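Model, not experiment: these values are computed from the prediction.
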Amino acid sequence: MRVTDEFGAIRPLANDAIKLEIVGPAEIIGDNPFSLVGGTGAIWIRAKEQAGKVRLTAVHPRLGMQQVELEMAVAGVEFV
């Protein structure tokens with residue numbers, strides 16, 4: 001994730017905490033909420049054992065919220 005201005009440039013002084021919410025067959029790994037460093041940050045998402053849509057919502061205290069939707073698919077059988 002990153003905080004950008006209206007021209008797409010990263011805002012390096014944006015270090016507010018971002019609160020994350022996830023809906024669907026996945027879970028957030030790591031700190032929640034977490035603070036940005038230099039206007040950027042990353043999280044990990046672990047899929048659960050079923051397929052479906054996952055909606056991740058990030059809420060910034062001053063800039064509002066953004067959402068992204070992911071589609072989790074069933075993985076094929078692994079042969080070793």
Side-chain angles (χ1 to χ4, degrees):
M1 290 171 268
R2 63 183 172 208
V3 176
T4 59
D5 63 17
E6 64 271 15
F7 305 107
I10 295 175
R11 305 284 306 240
L13 300 179
N15 57 3
D16 297 310
I18 304 291
K19 181 180 178 201
L20 302 167
E21 299 173 4
I22 195 162
V23 175
E27 61 185 339
I28 297 170
I29 306 299
D31 295 337
N32 186 20
F34 74 96
S35 293
L36 298 171
V37 176
T40 63
I43 63 160
W44 290 265
I45 297 174
R46 177 182 294 149
K48 295 183 178 174
E49 295 188 16
Q50 66 267 21
K53 287 189 179 185
V54 173
R55 183 181 324 118
L56 178 66
T57 304
V59 181
H60 186 277
R62 289 179 292 158
L63 301 175
M65 76 171 198
Q66 290 287 325
Q67 292 183 337
V68 63
E69 286 193 7
L70 307 167
E71 183 71 35
M72 301 294 181
V74 176
V77 177
E78 293 184 20
F79 295 102
V80 179

Worksheet item: Does D5 reach the main-chain N or O of G8 with its side chain, forming a donor-acceptor pair under 3.5 Å?
Response: yes
Worksheet item: Same cluster or not: are I10 and F34 linked, directly or through other Ile, Leu, Val, Met, Phe, Trp or Tyr residues, by side-chain heavy atoms under 4.5 angstrom apart?
Response: no
Discussion item. Check this for me: Q67, atom CD, are more than 12 non-hydrogen atoms of other residues, nucleotides or ligands nearer than 6.0 Å?
Written reply: yes
Side-chain polar contacts of residues 13-26 - donor-acceptor pairs under 3.5 angstrom, sequence neighbours left out - could you list them?
unit_1: D16; atom_1: OD2; unit_2: H60; atom_2: NE2; d: 3.2
unit_1: D16; atom_1: OD2; unit_2: R62; atom_2: NE; d: 3.3
unit_1: D16; atom_1: OD2; unit_2: R62; atom_2: NH2; d: 2.4

Practice prompt. State the CE-CG distance between M1 and L36, to the nearest 0.5 angstrom.
Written response: 7.5 Å
Worksheet entry | Co-members of W44 in a cluster of I, L, V, M, F, W and Y side chains, linked at under 4.5 Å | I29
Worksheet item: Got a sec, which residues hit side-chain contact (heavy atoms from CB on, under 4.5 Å) with E6, two or more places apart in sequence or on another chain?
Response: none
Discussion item. Take a 6.0 Å sphere around CD of E49 and say whether it holds more than 12 heavy atoms from other residues, nucleotides or ligands.
Written reply: no
Worksheet item: Between L56 and L70, is any pair of side-chain heavy atoms under 4.5 Å apart?
Response: no
Response to the item:
Here the pair of heavy atoms bringing Q50 nearest to M72 is O-CB, 4.4 Å
Worksheet item: Between CD of E69 and CD of E71, what distance do you get to the nearest 0.5 Å?
Response: 9.0 Å
Practice prompt. Step through the shown structure and confirm whether more than 12 heavy atoms of other residues, nucleotides or ligands are within 6.0 Å of NZ on K53.
Written response: no
